[in-house]
Amino acid sequence: MDKKSILGIVVVAVLFLGFAYFNTKQQEKYQQEMAEWQAYQDSVAKASRPAVPAADAAANAAAAAPGEVTAEAPGADAEVADAARRRQVEALGEYLTDAREAEAEEITVENDVMIVRFSTRGGQITDVTLKDYTKYAPRGQRDQLIRMMDPESAKFGLSFYVKNGLNNVKVNTMEYVFQPQAVQTVGDARKVVMRLPVAADAWLEYEYLIYNKQAPERDYLVDFNVRLVNMAPQMANQTSIGIDWSNISYQNEKGFQNENMYTTISYRFPGESSIEDLGMGDGAKSKSVSTAVNWVAFKQQFFSSVFIAPKNVANANMAFDTAAPGSELLKNFSVQMSVPYTVQTEGYDFAFYFGPNKYAILKKITDDEGSDLHMERLIPLGWGIFGWVNRWCVIPVFDFLRNYIGSFGIIILILVILVKLVISPLTYKSYVSMAKMRLIKPQVDELNKKFPKQEDAMKRQQATMELYKKAGINPMGGCIPMLIQMPILIAMFRFFPASIELREQPFLWADDLSSYDSIVNLPFSIPFYGDHVSLFALLMAVSLFGYSYFNYQQTASSQPQMAGMKFMMVYMMPIMMLLWFNSYSSGLCYYYLLSNLFTIGQTLVIRRMVDDDKIHAVMQANAAKKSKGKKSKFQQRYEELLRQQEAQQRAKRK
């Protein structure tokens, strides 16, 4: 081996040994720093625990084995803590280090409608209790007030960067203890102020205002003003401040599945009158919105926690996960947002809403400039015409009746009567149309015999339409009134499960008209039905069967095509409705039960009022008049269309 090879080997060996030595020293230094940091954390935790009484300390010392060291020397603990604290001060600064080590306190403020609890740890709201609403329990046992969040999981924090020498330090306010100021009374409001010092003359300030104006749309709101006092020199170069908000909601209603179906995260884009949501159902869902958002709501069936940003947040990443049934929890909500920041920014004006999903309250909530926030859209009243029927007809009538009648069962009864009176002209026309069809059926049968072949279908249809025209019959006369009634029926389907007014309202055997009534709890669960028997749902299904059977008898004789739908109309629909509505609002089942009974009653009354002989005479008079008259342009075009279709079919057969 030559000298050059030997020299190369020596150099490589020296470099390898040097690298190994350097790496070993780095590992030792890292382990020493970690040990100091852990000792510091332990000392902080030990300082935050209550002092052990002398008797307990003596007992612990006596219990130690002979010769066992029970604690390190006080001087050693102090040295380690001082060293670790110095590192913390180097990293965070004196003020933030003090804030991280401080003991958290709780502050409680209340008004007529809610109790709000704050923690100086993060300067955040940790619990809200509503005074006027209770969780579901059997009749006579409702004594547990609604709590809007779980204190163990509720989190709200801002995140931003501050300067510390040449380094930028990320600050998450949830990790620090704010300094509380004395609670003040300012007019109708209680003011809670907490500060997080960052430097000698710079701090982050949270100001909460809880009002007691005897106006629910104001009293369920908590103003949340964030102030950056002399913070511009301390803030690092950044264009936004992050907002993290999360909470686990409690189950408040009787049925987990039904309440869970209405529980989601909703949000509104600026300038929109409608809202968006993550969808409803089980499991986990998430969504990212990269545009401005006006407010974000953790929405349940009857209650919502809403974060309101009148000047809008820049974006939002939202997610929820569903809790297990029986855990007394419902969903785990979380949202990450950001607000724009510049060196000229002195603060932000936010607000929270913690309260019921009540239309009369949410409709009145506006921003500071009086602009409508459209928070009433949190109540799922239906889209399009169904929502209009609820907002402009059902809710005003319902609210009016509540001012004079205490029983919601009676109010629903009156509501059914009013609806039936409004649509009674349509019901009358529907019955008369079916009566005309029944009277003219023999002539229709004659036409069917006259044109029995399939190739004569066009002639048969043309002759039938001519017969209807002469008799003054609209073939859709029996269906159109039913179609017009559908928006009302569907509007009621959306109104009752979403109406908080029915909540906690008993009627007959039902404990709560907003939830299902159960007369028998089954020891097992039937697929698509459930583990209970709802009497209102059962009676509703029976009444639907009676109405369907009665209606089928009226229509089958006059419309032969209906004979093939007997199973679907008479048997299948009541069974499907029973399975579907067994876990639905008992108030809704009660409404449909009354509606079916009144419809049958209306039809029987009209049947007695209507004279078939008179109808037949009117039909003959119409036929005589129209046989002499000239065909309308519409009839001429219709007959021409039928002739063209018949010619096309003949051409195909050739």
Side-chain angles (χ1 to χ4, degrees), residues 252-255 257-266 268 273-281 297 299-304 356-363 374-402 408-409 411-416 418-420 422-423 482-503 505 510 512-517 534 536-537 540-541 544 573 576-596 599:
N252 296 317
E253 313 307 324
K254 185 176 184 179
Q257 291 298 334
N258 192 48
E259 183 180 7
N260 182 57
M261 183 173 63
Y262 290 93
T263 302
T264 186
I265 296 180
S266 299
R268 174 184 178 250
S273 59
S274 59
I275 67 172
E276 307 291 333
D277 59 52
L278 268 62
M280 302 175 186
K299 173 191 171 298
Q300 292 181 243
Q301 184 177 6
F302 293 120
F303 305 95
S304 291
N357 297 337
K358 194 170 184 178
Y359 189 87
I361 295 174
L362 296 175
K363 179 65 177 175
H374 293 286
M375 285 175 54
E376 75 280 359
R377 297 289 179 158
L378 286 169
I379 306 172
L381 296 176
W383 55 271
I385 190 172
F386 312 122
W388 299 340
V389 170
N390 275 324
R391 293 184 186 95
W392 303 111
C393 299
V394 178
I395 291 178
V397 172
F398 200 82
D399 289 342
F400 174 79
L401 294 175
R402 283 197 307 118
F408 279 75
I411 291 176
I412 294 174
L413 172 62
I414 295 174
L415 197 61
V416 171
L418 291 175
V419 170
K420 290 301 175 184
V422 169
I423 65 176
M482 291 299 299
L483 293 176
I484 295 175
Q485 294 180 53
M486 287 302 295
I488 298 176
L489 295 175
I490 297 176
M492 294 300 178
F493 175 79
R494 302 304 299 266
F495 171 75
F496 282 103
S499 177
I500 195 173
E501 287 82 1
L502 295 179
R503 197 176 182 276
Q505 297 297 328
D512 188 332
L513 286 173
S514 70
S515 184
Y516 63 83
D517 60 298
S534 169
F536 272 128
M540 182 270 296
L544 180 59
M573 280 300 296
M576 291 176 60
M577 294 292 280
L578 176 62
L579 296 176
W580 193 5
F581 279 73
N582 191 58
S583 297
Y584 257 60
S585 161
S586 55
L588 178 63
C589 295
Y590 172 57
Y591 175 87
Y592 281 163
L593 166 64
L594 294 178
S595 181
N596 291 334
T599 301

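Note that the structure is predicted; figures quoted are calculated from it, not measured.
- Taking the salt bridge (Lys or Arg N to Asp or Glu O under 4.0 Å) definition, one finds that Asp517 meets it with nothing, sequence neighbours left out.
- By the ring-ring contact (aromatic ring centres under 6.0 Å, His included) test, Phe302 is found to be paired with no residue, residues two or more places apart in sequence or in another chain being considered.
- Remark: Thr263 OG1 to Lys299 NZ distance equals 6.5 Å, nearest 0.5 Å.
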Worked check of side chain to side chain contact (heavy atoms under 4.5 Å, CB included) between Ser266 and Leu378
CA-CA 7 Å; Ser266 299; Leu378 286 169; 3.7 Å; yes
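- Expressed to the nearest 0.5 Å, how far CE of Met261 lies from CD of Gln301 amounts to 7.5 Å.
- The closest side-chain heavy-atom distance from Asn258 to Pro497 is not below 4.5 Å.
- At a threshold of 4.5 Å between non-hydrogen side-chain atoms, the residues Ser586 and Tyr516 do not count as touching.
- The aromatic rings of Tyr584 and Phe581 lie tilted to each other, with the angle between the two planes from 30° to 60°.
- Note that the CE atom of Met573 and the CG atom of Leu544 stand 6.0 Å from one another [nearest 0.5 Å].
- Screening residues 376-388 for salt bridge (Lys or Arg N to Asp or Glu O under 4.0 Å), with sequence neighbours left out, gives Lys363-Glu376.
- The two residues Gln300 and Asn252 come nearest to each other via the heavy atoms NE2-ND2, 3.5 Å.
- With hydrogens and angles disregarded, no donor-acceptor distance shorter than 3.5 Å links the side chain of Ser499 to the backbone of Phe495.
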Could you walk me through whether Val389 and Phe386 pass side chain to side chain contact (heavy atoms under 4.5 Å, CB included), step by step?
CA-CA 5 Å; Val389 170; Phe386 312 122; 5.9 Å; no
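- The closest donor-acceptor contact from the side chain of Ser585 to the backbone of Leu513 lies under 3.5 Å.
- Judged by distance alone, with hydrogens and angles left aside, the side-chain atoms of Tyr590 form a donor-acceptor pair with the main-chain N or O of Gly409 at under 3.5 Å.
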Side chain to side chain contact (heavy atoms under 4.5 Å, CB included), that's the test. Do Asn357 and Ile500 meet it? Break it down for me.
CA-CA 7 Å; Asn357 297 337; Ile500 195 173; 5.7 Å; no
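- Looking at every heavy atom in both residues, Ile412 comes nearest to Gly587 through CD1-O, 4.1 Å.
- A distance of 9.5 Å separates OG in Ser595 from CD1 in Ile488, rounded to the nearest 0.5 Å.
- Considering every non-hydrogen atom in both Leu578 and Ala541, the closest pair reads CB-CB, 3.8 Å.
- Contacts classified as salt bridge (Lys or Arg N to Asp or Glu O under 4.0 Å) and involving residues 485-503 (residues at least two apart or in different chains) are given here: Glu253-Arg503.
- Remark: the backbone N or O of Thr599 is not paired with any side-chain donor or acceptor of Lys420 at under 3.5 angstrom.
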Output side-chain donor-acceptor pairs under 3.5 Å for residues 390-399, partner residues at least two apart or in another chain, one line each.
{"residue": "Asn390", "atom": "ND2", "partner": "Leu381", "partner atom": "O", "Å": "2.8"}
{"residue": "Asn390", "atom": "ND2", "partner": "Ala491", "partner atom": "O", "Å": "3.0"}
{"residue": "Arg391", "atom": "NH1", "partner": "Gly387", "partner atom": "O", "Å": "3.4"}
{"residue": "Asp399", "atom": "OD1", "partner": "Arg402", "partner atom": "NH2", "Å": "3.4"}

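- In Ile414, the CD1 atom is crowded: over 12 heavy atoms of neighbouring residues, nucleotides or ligands sit closer than 6.0 Å.
- A ring-ring contact (aromatic ring centres under 6.0 Å, His included) with Phe493 is found for one member of Trp580, Tyr591, Tyr592 and no other, namely Trp580.
- Partners of Tyr359 by ring-ring contact (aromatic ring centres under 6.0 Å, His included), not counting sequence neighbours: none found.
- Taking both residues in full, the closest heavy atoms of Val419 and Met492 are given as CG2-CE, 4.1 Å, listed atom of the first, atom of the second, then distance.
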